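For clarity, every value in this text was computed on a predicted model and none was experimentally measured. In what follows, chains are A, B, ... by sequence order, proteins preceding strands, each numbered from 1.
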2 protein chains.
Amino acid sequence: MISNKAKYAFRALLSVAALPEGETITSAEIARRHAIPHKFLEQILLDLKKAGILESRRGKSGGYVMLRPSDTVSFGEILRLFDGPLAPLPCLSRQAYRPCDECESEALCEIRREFGRAYDASRRILDNRTLADALAGAPATPLTGKEERLVG
Amino acid sequence: MISNKAKYAFRALLSVAALPEGETITSAEIARRHAIPHKFLEQILLDLKKAGILESRRGKSGGYVMLRPSDTVSFGEILRLFDGPLAPLPCLSRQAYRPCDECESEALCEIRREFGRAYDASRRILDNRTLADALAGAPATPLTGKEERLVG
DNA sequence: CATTAACTCTACCTAGATAGTAGGGATATT
DNA sequence: AATATCCCTACTATCTAGGTAGAGTTAATG
């Protein structure tokens with residue numbers, strides 16, 4: 001299960017990404033719309049700002065807008081930001097690789113092989129679907145198995 | 001990431017499943033082979049026995065064997081047993097369904113839609129690959145998208 | 001029939017994560 | 001100057017992961 005924090009982040013991002021050009025939205029408004037605890041949401045929005053995804057305007061009539069275009073922000077990136085590596089095993093993570101303490105041979109490890117397959121399948125989707133895709137309701141494009149579109 | 005407990009369970013199961021017909025293996029032997037804390041492993045094996053997957057023989061020269069054939073035990077089933085629902089959102093779980101507190105319409109929820117796709121992809125693999133498949137090193141069979149083979 | 005090697009069960013412990021709450025401080029608009 | 005907004009840090013309660021510990025039960029074997 002993904003954390004509440006990550007889920008709130010997605011809700012907030014989709015609200016910001018759906019904004020008409022030139023408009024902003026306040027943390028209070030996002031919190032109200034989605035019944036998210038306001039102070040908790042503020043922390044999340046701050047994280048998103050520090051990550052360079054959102055931009056903020058302070059003071060009266062301030063609020064948030066996207067800094068990066070919504071079609072460059074993938075679900076995988078956000079999930080990693082809040083919940084850490086997507087990989088089911090440390091030995092399968094590129095960003096946080098660590099061998100299993102007891103593993104003798106990764107190449108022969110059946111667990112790694114099986115979970116590697118499951119991980120590939122879900123990673124291809126999460127790293128290639130963006131906020132813009134989600135808002136457009138676009139169906140997933142058929143995958144060739146060689147995507148690198150948004151994978152850093 | 002999957003828990004250590006689940007990972008240990010997979011290692012233990014693969015050791016038991018790989019046993020020649022008629023042989024048993026002790027918890028101590030499994031623990032030694034994979035450098036798993038012995039008492040911790042005992043709890044895990046007990047869970048697997050209570051779940052009806054392993055069978056035990058007590059007393060001197062006791063040990064464990066498979067109760068269910070290894071080609072009927074899927075990775076998904078074991079993972080659910082130790083780490084709970086595979087679904088990334090409660091509203092996507094069949095076994096532990098719960099609506100999101102704040103969700104107004106599941107049908108329109110972009111988060112649910114996107115994670116649903118990722119979940120489907122990995123669930124199809126985890127629920128259709130068995131211990132026997134893993135030991136055989138068999139490549140995944142092409143999936144049609146309509147599998148129900150081992151999904152209870 | 002005592003010994004011993006195994007499984008069985010229950011209780012307990014600690015560090016860290018999750019999901020917030022709280023209270024102010026900084027800043028820009030009006 | 002007032003006010004609405006974002007910014008930052010500290011704190012807390014609860015739960016979970018990952019074990020440790022110890023005693024009890026059972027069955028083979030010499």
Quickly work out the A:Asp47 CG to D:dC7 P distance and round it to whole Å.
11 Å
A:Tyr119 six-ring centre to A:Arg123 NZ/CZ under 6.0 Å and within 45° of normal:
yes
Consider the side chain of A:Gln43, meaning its heavy atoms from C-beta on, and name the nucleotide among D:dG19, D:dC8, D:dA10 that approaches it most closely.
D:dA10
What is the distance, rounded to the nearest whole Å, between atom OH of A:Tyr8 and atom C1' of C:dA19?
8 Å
Check the orientation of A:Phe10 and A:Phe75. Use parallel for under 30°, tilted for 30 to 60°, and perpendicular for over 60°.
parallel
Could you check whether the side chain of B:Arg58 and the base of D:dT25 have a donor-acceptor pair of N or O atoms closer than 3.5 Å, going by distance alone?
yes
Sugar-phosphate only, base, or nothing, as touched by B:Lys50 at under 4.0 Å among non-hydrogen atoms:
sugar-phosphate
Starting at atom OH of B:Tyr64, determine the distance to atom P of C:dA5, rounded to an integer number of angstrom.
17 Å
Short side-chain N/O contact from B:Lys49 to OP1 or OP2 of C:dT8, under 4.0 Å:
yes
Here the distance between atom P of C:dG16 and atom CE of B:Met1, to the nearest Å, is 17 Å
Nearest-Å distance for atom pair CZ/C1', residues B:Phe40 and C:dC7:
18 Å
Interatomic distance, B:Asn4 CG vs D:dT20 P [rounded to whole Å]:
12 Å
Starting from P on D:dA4, measure out to NE2 on A:His38 and report it in whole angstrom.
13 Å
By nearest nucleotide on DNA chain C, pick out whichever of A:Arg57 and B:Ser56 is the more 5' one.
B:Ser56
Between D:dA4 and A:Ser61, is there an OP1 or OP2 to side-chain N/O distance shorter than 4.0 Å?
no
Checking D:dT3, D:dC8, D:dG19 against the side chain of A:Lys60 (C-beta onward), the nearest is D:dT3
Nearest-angstrom distance from the residue atom CG of B:Asp83 to P of D:dG18:
8 Å
What's the spacing between B:Lys7 NZ and B:Ile36 CD1 if we round to 0.5 Å?
9.0 Å
Can you tell me if CZ on B:Arg68 sees more than 12 non-hydrogen neighbours from other groups inside 6.0 Å?
yes
Under the 3.5 Å rule, do the base of D:dG19 and the side chain of B:Lys39 count as making a donor-acceptor pair?
no
Which sits closer to the 5' end of DNA chain D, A:Thr26 or B:Pro37, going by the nucleotide each is nearest to?
A:Thr26
So with a 6.0 Å cut-off around CD of B:Glu104, is the heavy-atom count from everything else above 12?
no
